[in-house]
Amino acid sequence: MQINQYEIWIADLNPQIGTEAGKARLVLIIQTNLLNAVPHRSTVVCP
């Protein structure tokens, strides 16, 4: 799966933390493509 900076994706934001809505939401990928190309378990997004 290719993830690119500034793309909009649907992400499952479970488990719920605090007052956040724990459900599928649109998110904007804000992490640079250089880091997105490296295999890891997280990507920085903005809900």
Side-chain angles (χ1 to χ4, degrees):
M1 171 180 1
Q2 180 66 32
I3 298 174
N4 293 306
Q5 188 176 26
Y6 305 125
E7 287 183 336
I8 296 176
W9 285 67
I10 295 176
D12 183 5
L13 299 180
N14 277 319
Q16 178 180 350
I17 300 173
T19 60
E20 296 175 353
K23 59 182 179 181
R25 301 284 240 186
L26 292 175
V27 295
L28 174 67
I29 308 298
I30 57 174
Q31 183 168 287
T32 179
N33 287 333
L34 294 173
L35 293 175
N36 288 336
V38 178
H40 53 77
R41 296 179 55 121
S42 64
T43 299
V44 179
V45 301
C46 183

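Interatomic distance, Arg25 CZ to Asp12 CG, rounded to the nearest 0.5 Å: 11.5 Å.
At a threshold of 4.5 Å between side-chain heavy atoms, the hydrophobic network of Ile, Leu, Val, Met, Phe, Trp and Tyr places Trp9 and Val45 in one connected group. Following chains of ILVMFWY side-chain contacts shorter than 4.5 Å, one cannot reach Val44 starting from Val27, and the two form parts of different hydrophobic clusters.
Between Ile29 and Thr43 the shortest side-chain heavy-atom distance falls below 4.5 Å.
Scored by the side chain to side chain donor-acceptor pair (under 3.5 Å) test, Asn4 finds Gln2, Glu7 as partners (sequence neighbours excluded). Residues passing the side chain to side chain contact (heavy atoms under 4.5 Å, CB included) test with Ala24 are Ile10, sequence neighbours excluded. Legend: residues meeting side chain to side chain contact (heavy atoms under 4.5 Å, CB included) with Ile8, ordered by chain and number and at least two apart, are Leu26, Leu28.
Smallest separation of non-hydrogen atoms from Asn33 and Gln5: OD1-N, 2.6 Å.
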